[in-house]
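What follows is one structure encoded as structure tokens, with my remarks underneath.
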Amino acid sequence: MLAALVRSGLVEATHEGAVAVVAADGTFLASSGDVDRPFFIRSAAKPFQAAACLRLGFDPPAEHLALACGSHPGEPVHVAIAEAMLASAGLTADALRCPADWPLSRDATHRLVAAGRTRSPVFHNCSGKHASWLATSVLNGWDLASYLDPSHPVQRAIFDLMSEAGAALLPAGIDGCGAPVYRTSVRMLAAAFASLGTNDGWRRVFEVMSAYPALTGQELGADRLITTWLDAVAKGGAMGCIGISTRDGIGVAAKCWDGSDQAAGVGALAALQQLGRAPESVARHLEPVARPPVFGAAAVVGALESRLELQWA
């Protein structure tokens, strides 16, 4: 079990899932639950998708690469960087094939509505990733209209890199942004993230995610808070999964089978705590991840609490 919703001292609901801990050399260290059950990793793949672009010659400023690794909330800074990435390749938002959307940030959406704006692909949380794929395609002279096709050179390079990392199983699916998305397991995802900070070819991705957490996640998201306060980088994916890479080469992955992002974050942070990678000195900053509050009207009436018990290999 990853977590339980506790209200007035009573367990109201539980969240089942799996957690795996893997060392950079591939040694399986600890686990809980079914770590070999396959699932689509969604946006947790973004650090590896960005690393594939670097392998193809993409050499952006640090903040551009950070946005490519992230699921951004669509604040003005995120939109400006996505537009700058496109402009550097001679493109505009019209080239994006992700859906027109409002920002994830309510404040950003309210400002846009007040200004008379409408949905746009550049506001989509995946626009940085898509912009990096387009810029990479321009650099290599590849077709732009088909950049989301699994047979496109960018997508083939992503599959090759993710397979090398041990984090891609066929057949591919289609993600919410229209991109190919691959299946993996909690064990495989933890192994891939264990390599993120130690593989020479991917180290730049780790460093920019570490330096710019505000560009890679939402304000109270587990991945952004873990990256901000610990010596690690984290990336979540839709429907309750998250991968974490510590600077010293430990990979942690968590998946909540009912799709709760909060429960996945609770479980992943609990694993870091049991590994001694989450010092007490920053515990209060990570409280929204460790014990997400449950509200009744305007009052906190409960919390989601860890029930993780790692089994050591």
Side-chain angles (χ1 to χ4, degrees), residues 1-12 14-24 27-33 35 44 47 186 189-190 193-194 196-198 206-236 240-256 260-295 299-313:
M1 184 190 301
L2 288 181
L5 192 160
V6 180
R7 191 196 308 258
S8 301
L10 300 175
V11 174
E12 181 175 350
T14 60
H15 295 276
E16 301 297 329
V19 174
V21 182
V22 178
T27 303
F28 187 67
L29 300 178
S31 67
S32 176
V35 297
V186 172
L189 187 61
F193 269 87
L196 191 62
T198 57
F206 182 99
E207 295 297 345
V208 299
M209 291 179 70
S210 178
Y212 296 96
L215 298 181
T216 63
Q218 298 181 67
E219 185 174 3
L220 294 178
D223 49 7
R224 178 164 162 181
L225 287 171
I226 288 170
T227 303
T228 299
W229 293 105
L230 301 180
D231 196 14
V233 301
K235 185 66 194 79
C241 71
I242 187 170
I244 301 169
S245 174
T246 69
R247 191 175 294 277
D248 60 347
I250 300 296
V252 175
K255 168 64 178 176
C256 179
S260 169
D261 294 331
Q262 286 187 323
V266 168
L269 180 57
L272 290 172
Q273 291 168 334
Q274 293 179 36
L275 289 163
R277 297 308 198 279
E280 187 63 30
S281 59
V282 297
R284 66 184 180 88
H285 299 292
L286 292 169
E287 187 72 5
V289 182
R291 297 184 76 254
V294 174
F295 292 91
V300 175
V301 296
L304 203 59
E305 298 179 351
S306 171
R307 291 294 189 271
L308 180 71
E309 295 183 5
L310 286 177
Q311 302 297 314
W312 298 91

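Just so we're clear, the structure is a prediction, and the values are computed from it rather than from any experiment. Atom set for the values below is all heavy atoms of this structure, side chains included, hydrogens, waters and symmetry mates excluded.
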Distance (rounded to the nearest 0.5 Å) between [X] [atom1] and [Y] [atom2]:
| X | Y | atom1 | atom2 | result |
| --- | --- | --- | --- | --- |
| L310 | L29 | CG | CG | 10.0 Å |
| Q262 | L304 | CD | CG | 6.0 Å |
| I250 | R277 | CD1 | CZ | 5.0 Å |
| L272 | I226 | CG | CD1 | 6.0 Å |
| L286 | T228 | CG | OG1 | 9.0 Å |
| L5 | L10 | CG | CG | 11.0 Å |

Using every non-hydrogen atom in the two residues, find where [X] and [Y] come nearest and quote the distance to one decimal.
| X | Y | result |
| --- | --- | --- |
| S260 | A263 | OG-N, 3.0 Å |
| A290 | P292 | C-CD, 3.7 Å |
| S32 | V35 | O-CG1, 3.9 Å |
| V186 | A253 | CG1-O, 3.4 Å |
| A271 | V19 | CB-CG1, 3.8 Å |
| L308 | S306 | N-OG, 3.2 Å |

Strictly distance-based, threshold 3.5 Å: is any side-chain N or O of [X] a donor or acceptor partner for the main-chain N or O of [Y]?
| X | Y | answer |
| --- | --- | --- |
| T227 | A234 | yes |
| E12 | G302 | no |
| S245 | F193 | yes |

Does the side chain of [Y] come within less than 4.5 Å of [X]'s, by heavy atoms?
| X | Y | result |
| --- | --- | --- |
| R224 | E219 | yes |
| L225 | L269 | no |
| F295 | V301 | no |
| C256 | D261 | no |
| V252 | L275 | yes |
| D223 | M209 | no |
| S210 | R247 | yes |
| V266 | L2 | no |

Worked check of side chain to side chain contact (heavy atoms under 4.5 Å, CB included) between V11 and R307: CA-CA 11 Å; V11 174; R307 291 294 189 271; 4.0 Å; yes
